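We count ligands from 1, going down the list as the structure has it; atoms in each ligand are counted the same way. If you're wondering where the values come from, they're calculated on a predicted model, not measured in any experiment.
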Amino acid sequence: MKSIAIKKLIEDIQNKNLRLAVLGSGYVGLPTATLFAETGFKVIAIDLKPEVVRAINNGLSTVNEPGLNELVKRNVEAGRLRATQNITEALSQADSVIISVQTPINQSKKPNLSFLTKALEEIGKNMKKEMLVIISSTAPPGTMLEKVKPKLESISGLNAETEFYLAYVPERIAPGKALKEFVESPRLIGGIGPNSTKIAAQLFKTVCKKVIETDAATAEVAKLAENTFRDVNIAFANQLALICEQHGVDAKKVIELANTHPRVNIHTPGPGVGGPCLPKDPYLLIHKTKPTKPNIVKTARQINDYMPKHIVKLILQAIKKTGKDIKNSKIAILGTAYKANVDDSRLSPSEPIIHGLIRLGGETTVYDPHCNESFGAKRASSLHEAVKDAGCLAIITDHTEFKNLNLKEIKALMNEKPAIVDGRRIVNPHEAEDLGFIYYGVGFPVRATENSC
Ligand code: SAJ
């Protein structure tokens, strides 16, 4: 009897007859809904925000992701994708739901699972027999078995794995490359039992080139391990940069050389680690574990969180070197987005840098061609406007537009003895110094005289 129901579900998936709902239409949910629609499924995207629902139904993407707008338009026009605010209505017409809501951390670095809990309550109330429930949101270890499964079972009165199916399928897409990575990155499928894993794997195989079957608890930790590994590696790169500055050698060159070793892959130092994932996921990984001292995960977070302060220090040193004081200097900040070529400023290192400079009395102006956020600084509408009469130029985001700056032109617009603080190492220090800039950069040797103080 059971195997007949599973066979039918798999057939529905293969024939694209399975009706899908995707709860949460943000950076991950909308690409998910759209790519399943593009494959041929009928998909309902659910979001609480009326403006998001309206835009999607008008064929517009609310997420600035290359290629997504065209895809949303095509699938809405083809009648495969629509959006709604009404969860009950959407779930009544769905055989499967993918949850893609945010799981942030609170002030004390503890997970805030309120969005996930709310979603589970709605799904529990609207659960049907043989429904496939997928959790795609990043969650602390143990969430599936200790929270998601019991909650859905108690509200719906149905048993997971026998009466409905439940799997953890973490997202792995980087903003800016979401569509490509959704299809090409191997997808981890962690069911709460073999039936759930098998059915969820069938669903994701229709869009993803490769799926890897595992169990829910292992998939939860694997997802967090990926982002924590990256955070720890960047922290090492940042620590190395701070060491190199004092040793009088260039960290950029050091990393380039060290990475020629076949088993070394040091990431890139910078002004700090931002975005909705890396600054948060390491805390999810260690949530509810007994604190060990030392703890590499926490230390890495501390190092990465220290980097914006280091940039402020470099800016102060650079301004001092120009013979001025921060209180009478204009500082032009390039970039408020958390990384290159995205419009997302969540937890961007620019925020503590700008706030730090404002607190010290600096006049800050920001320019970001991708992102509207200014974090309290004055917003310039062009690079020209940002650097005009500035004493210091600080590069925080490595947008493509900032990679080939015309330093000669910039110098002519800035104050007489201008400074550059390069948080991304995208300016050639020698060219800058030859043109008469005072140059400071992350991982760039501090001059011997300053090194000793
Ligand atoms: N950064 C550095 N140095 C580096 C790499 C990054 O300073 O060498 C900084 C970036 O500038 C940025 C921050 O780290 O401020 C995070 O950027 P990112 O590109 O590392 O990551 P995200 O947050 O855009 O996406 C990550 C990805 N995870 C991994 O690469 C392991 C993505 O695949 C995940 O899907 C995403 O987190 C997520 O949603 O979990």
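A salt bridge links E38 with R74; the closest basic N to acidic carboxylate O contact falls under 4.0 Å. A salt bridge links D250 with R425: the distance from a Lys NZ or Arg NE/NH1/NH2 to an Asp or Glu carboxylate oxygen falls below 4.0 Å. With salt bridges taken as basic N to acidic carboxylate O contacts below 4.0 Å, one links K118 and E122. A salt bridge links E184 and K209; the closest N-O separation between the charged side-chain nitrogens and carboxylate oxygens is under 4.0 Å. Using a 4.0 Å cut-off between a side-chain N of Lys or Arg and a carboxylate O of Asp or Glu, K253 and E256 qualify as a salt bridge.
Residue-to-ligand polar distances place G274 within reach of ligand 1: an N/O pair is separated by less than 3.5 Å. Among the atoms of Y338, some N or O lies under 3.5 angstrom from an N or O of ligand 1. Looking at E226 next to ligand 1, no N or O pair under 3.5 Å apart turns up.
Side-chain contact of D422 with Y439: a donor-acceptor pair under 3.5 Å is present, judged by distance alone. A side-chain donor-acceptor contact under 3.5 Å links H310 and E245.
Counting heavy atoms closer than 4.0 Å to ligand 1, residue I173 contributes backbone atoms (N, CA, C, O) but none from C-beta onward. Residue contacts with ligand 1 for R424 involve side-chain atoms from C-beta outward but no N, CA, C or O (heavy atoms, distance under 4.0 Å).
Of the protein's heavy atoms, N227 OD1, 2.8 Å lies nearest to atom 28 (N) of ligand 1. The closest protein non-hydrogen atom to atom 21 (O) of ligand 1 is L278 CD1, 4.1 Å. At the top of the distance list for atom 6 (C) of ligand 1, counting protein heavy atoms only, stands I234 CD1, 3.5 Å. Nearest protein heavy-atom contact of atom 8 (O) of ligand 1 is T268 N, 2.9 Å. Atom 36 (C) of ligand 1 has its closest protein heavy atom at C277 SG, 3.7 Å. Nearest protein neighbour of atom 39 (O) of ligand 1, counting heavy atoms only, is E171 OE2, 2.4 Å. Looking at atom 33 (O) of ligand 1, its nearest protein heavy atom turns out to be R172 O, 2.9 Å. Scanning the protein for heavy atoms near atom 19 (O) of ligand 1, the closest one is K339 NZ, 3.3 Å.
Taking every heavy atom of K223 and a limit of under 4.0 angstrom, the matching atoms of ligand 1 come to 34 (C), 35 (O), 38 (C), 40 (O). Of all the atoms in ligand 1, the ones that sit under 4.0 Å from a non-hydrogen atom of R230 are 5 (C), 6 (C), 18 (P), 19 (O), 20 (O), 29 (C), 30 (O), 31 (C). Ligand-side atoms of ligand 1 in range of P175: 24 (O), range being under 4.0 angstrom from any heavy atom.
Under the side-chain contact (heavy atoms from CB on, under 4.5 Å) test applied with L120, the options V101, V148, L23 reduce to a single match, V148.
Ligand 1 has no atom lying under 4.0 Å from any heavy atom of T138. Heavy atoms of G275 stay at 4.0 angstrom or farther from ligand 1.
Distance check, rounded to the nearest 0.5 Å: CG of D344 to OH of Y27 gives 3.5 Å.
Summarising the geometry of I173 relative to A178, their closest heavy-atom pair is CG2-O, 3.3 Å, with the distance given to 0.1 Å.
You'll find the side chain of L91 reaches within 4.5 Å of the side chain of M131, heavy atoms only.
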